[in-house]
Amino acid sequence: MQLPTPENTKQILVLGIGNILWADDGFGVRVVEQFHRRYAVPSNVTMLDGGTQGLYLVNFLEKADCLIAFDAIDYGLAPGHLKLVRDEEVPKFTGAKKVSLHQTGFQEVLSAADLLGHCPRQLALIGCQPLDLDDWGGPLTAPVRTQIAPAIELACELLAQWGSPAKLRTAPLPHSEHLLANDIDHTNYERRARPI
């Protein structure tokens, strides 16, 4: 269910970035997944699991006036530290690591959108300092997992400031409308990743 929105409202993209196969690198994807599950947003707000799509994300950025991105960011801080950076500061802090030389970092995605003249006017990056990026197939670590709800709260504050407030869902989101399927959603994936 999407909430009605006034005409001529700016287009907002809420984007989760990262690779769920590399422990804390999946932070951004897990945040946007939970956000979508718990909140309804106006029709001018798009929730997207950006995963590791790289330059394919430029098409989505071109359509957005405002961007909220969630990602694992190496700020050089204590694991689990959550930090919000805005506008011109965002490109300095995009992404904790590339898994391969073929993977495009989000900084390159922002640069490509900017070169095309279609970069969102307002940028907000909600990043969490990772603890572990090398555990192939592992779940989010505890310090990072505990920052999912605070990251969503920060995004809700931004959406309200931009005139497009999110509202808690009154009924559970049907499984068919989840952002991630095929047992890679947070609950099913972590059930498999944790030793029994």
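The first residue of the sequence shown is numbered 1, and numbering continues consecutively from there.
Each of L131 and V29 belongs to its own hydrophobic cluster when Ile, Leu, Val, Met, Phe, Trp and Tyr are linked at side-chain heavy-atom distances under 4.5 angstrom. In the hydrophobic cluster analysis, where Ile, Leu, Val, Met, Phe, Trp and Tyr join through side-chain heavy atoms closer than 4.5 angstrom, W162 is grouped together with F35.
Closest approach of I126 and A155 over heavy atoms only: CD1-N, 3.7 Å. Of all heavy-atom pairs spanning R169 and Y39, the tightest one is NH2-O, 3.1 Å. For the pair Y75 and K83, the tightest heavy-atom approach, listed with the atom from each and the gap, is OH-O, 3.1 Å. Taking all atoms of both residues into account, the shortest heavy-atom contact from A72 to F27 is N-CD2, 4.2 Å. Closest approach of V14 to L159, counting heavy atoms only: CG2-CD2, 4.4 Å. The two atoms that bring M47 and V41 nearest to each other are CE-CG1, 3.6 Å, heavy atoms only.
Residues D49 and I17 have side chains not in contact (no heavy-atom distance under 4.5 Å, counting atoms from C-beta outward). With a 4.5 Å cut-off on side-chain heavy atoms, S164 and P42 count as touching. Side-chain atoms of L21 and W136, non-hydrogen and from C-beta on, do get closer than 4.5 Å to each other.
Within the 3.5 Å criterion, the main-chain N or O of I73 finds no donor-acceptor partner in the side chain of D71. Although no hydrogens or angles enter the test, the distance criterion places a donor-acceptor pair under 3.5 Å between the side chain of R145 and the main chain of L140. No donor-acceptor pair under 3.5 Å is formed between the side chain of N44 and the backbone N or O of I12. Judged by distance alone, the side chain of Q129 and the main-chain N or O of L77 form a donor-acceptor pair under 3.5 Å. Remark: side-chain polar atoms of D25 are not paired, donor with acceptor, to backbone N or O of G18 under 3.5 angstrom.
Considering CG of L133 and CG of D74, their distance stands at 8.0 Å, rounded to 0.5 Å. We find the CD1-CG distance between I148 and L82 to be 11.0 Å, quoted to the nearest 0.5 Å. Put simply, CD1 on I152 and NE2 on H36 are 12.0 Å apart, with the number rounded to the nearest 0.5 Å. Rounding to the nearest 0.5 Å gives a distance of 9.0 Å between CG of L13 and CD1 of I68. To the nearest 0.5 Å, the span separating CG on L67 from OG1 on T46 amounts to 11.0 Å. Taking CG from D24 and OG1 from T141, the interatomic distance works out to 3.5 Å, rounded to the nearest 0.5 Å.
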Report task. Please report the C-alpha distance between D87 and Q122 in whole Å, then the side-chain angles of each, then the deciding distance to 0.1 Å, and finally whether the side chain to side chain contact (heavy atoms under 4.5 Å, CB included) criterion is met. Result -> CA-CA 6 Å; D87 301 321; Q122 292 179 282; 4.1 Å; yes

